[in-house]
Amino acid sequence: MSSNFFGVIPQAMEKEDIGSHSRKWEEMDHDVLVKIFQCFDIFGLTSGIGQVCSKVCSTWRLAACDPLIWKTLDLSMLKSNFIKTPSEPYVYVDGPSDKTLTRVLKISLSLSHGNITTLIFHYNLFVSDDQLTYTAESWMMMSTYLYCRCPRLKRLVMPAWNRIKKTGICKAICAWKDLESLTMPSISNPPYLIEEIGKNCKNFAELKIMGPCHIFFASTLAAFLPNLKVLSIRCSIIFKDALNIILDDLKKLEVLNISHCVLIDSPPTLPRRVLGELDESILKKAKRLRKFITCMNDSCITCKRTRQDEGLMRWYKYEADFWKVDEVKSLAI
Amino acid sequence: MSSSEERKLILKSSDNEEFVVKESSAVQCLTIKNLVEDRCVSDPIPLANVDSKILALVIEFMEKHAETTLSNSEKKEFDVEFVKKPFDDLLELILAANYLDFRELMDVLCNTCAKQMENWSVEEVREKFNIQNDYTVEEEKAARAENPWAFE
């Protein structure tokens, strides 16, 4: 820009001259701000920058509350305060973790205005050990928050719940009437939960089990979740008779993922007989599925790890996000 | 033009500079891809919201990411260097990427921006984004008083 008649660049023109700095930022509209805010993790959103952003100006405040940012509450990073060492019985626990979780939850739940539709916990958040902070009490308190403040929850990822009372889990899960997708550990007494899900969650369609699938589990699924569409049992143990029940009796099933599993022959023998491949009858039954995802490959790292861990995958030994993977996109994190 | 020749497009910046790019690279921008698919491509394609300086940078990123010979980690390395720019440039690039609907570039830029902002105060944010505070004194006090336990 050229100077005016007197050879002096007036203040206003000078500012523009610096290169449209002042012009552009009104264009930093709601959608762009939301995209940036979506990059903050849950700690940032609830403590640091998230709080700052809501105080900058009214446009930013609106953007910071946008449901897009809050529809997924990913607490999977809330685990780093626990280090479970292999040498018994030593466990390192960071004292403030319980407070941290409570605070993060409180803030997220209030800022999300009931918009949370996906909730993700880390696999060792509720580990079995009295020295670890999360007692049944903590869970009861937290679950009250959760099912009051996320009434529209559609997806829950809770890979482990060792020491939590059954009734607590049942109550919480059944309060979520819109639940469509659940990632859970394997449990020894499935009916109490699966039956409740079947009764209460009319749109329930996707299940991921992070643990062994025996015939009891499979027949419970068939009995109480006849409309199940997607099932993922990966990196675990699956018994042949359970697999047959899944293929025969889950009539609405469209997608089945049994990648990297250790397939055990039925009827049971001692020692267990591990099958190296799927036989013709199974493959035939699976043809009706839209997607049948398998991997039983000696050279596959994930298969190898499952075998090494004897079907009970020790996720803590591997890369931090390894447990989040799933060949079924909607079940991956 | 023989069928084996790479199809090219001409993009024109807001300050009337023209850039020739391969169509196969340019369609990473969904705005451009839609024009191509709807056969509405004018010659050149005017991009009213992007100046030449920023468009050149977008094209640099675009062509790098379109290269099939590069591995993902090589592209990531490029990204790390690419975002080492003044904050103002990053914001301009974000607006351009948003206008062009260039998702990959948008993701890289938003992540970078978010990381840089992590420890900023309210004042710093206002300064860097050149934002006018539209709160009254009372409103501001009330906003700051919210969620005080967030700062424990």
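We name chains A, B, ... by the order of the sequence lines, and we start the count at 1 in each one.
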Okay, S121(B) and chain A: the region with an atom under 4.5 Å from a heavy atom over there is backbone

Quiz item: For D74(A) and T72(A), what are the C-alpha separation, side-chain angles and deciding distance, and is it a side-chain hydrogen bond (donor to acceptor under 3.5 Å, both in side chains)?
Solution: CA-CA 6 Å; D74(A) 186 347; T72(A) 296; over 6 Å; no

* To do: Please state whether the rings of F129(B) and F87(B) are parallel, tilted or perpendicular, taking 30° and 60° as the class boundaries.
  => perpendicular

Practice prompt. Please work out which of the three classes, parallel, tilted or perpendicular, describes the rings of F37(A) and F40(A), given edges at 30° and 60°.
Written response: parallel

Nearest heavy-atom contact between C303(A) and C295(A) is SG-O, 3.2 Å

In terms of heavy-atom pairs under 4.5 Å with chain B, the winner among V56(A), D31(A), D41(A), I36(A) is V56(A)

Bottom line for N111(B): the part with an atom under 4.5 Å from chain A's heavy atoms is both

Applying a strict 4.5 Å limit to non-hydrogen atoms, the region of E124(B) in contact with chain A is neither

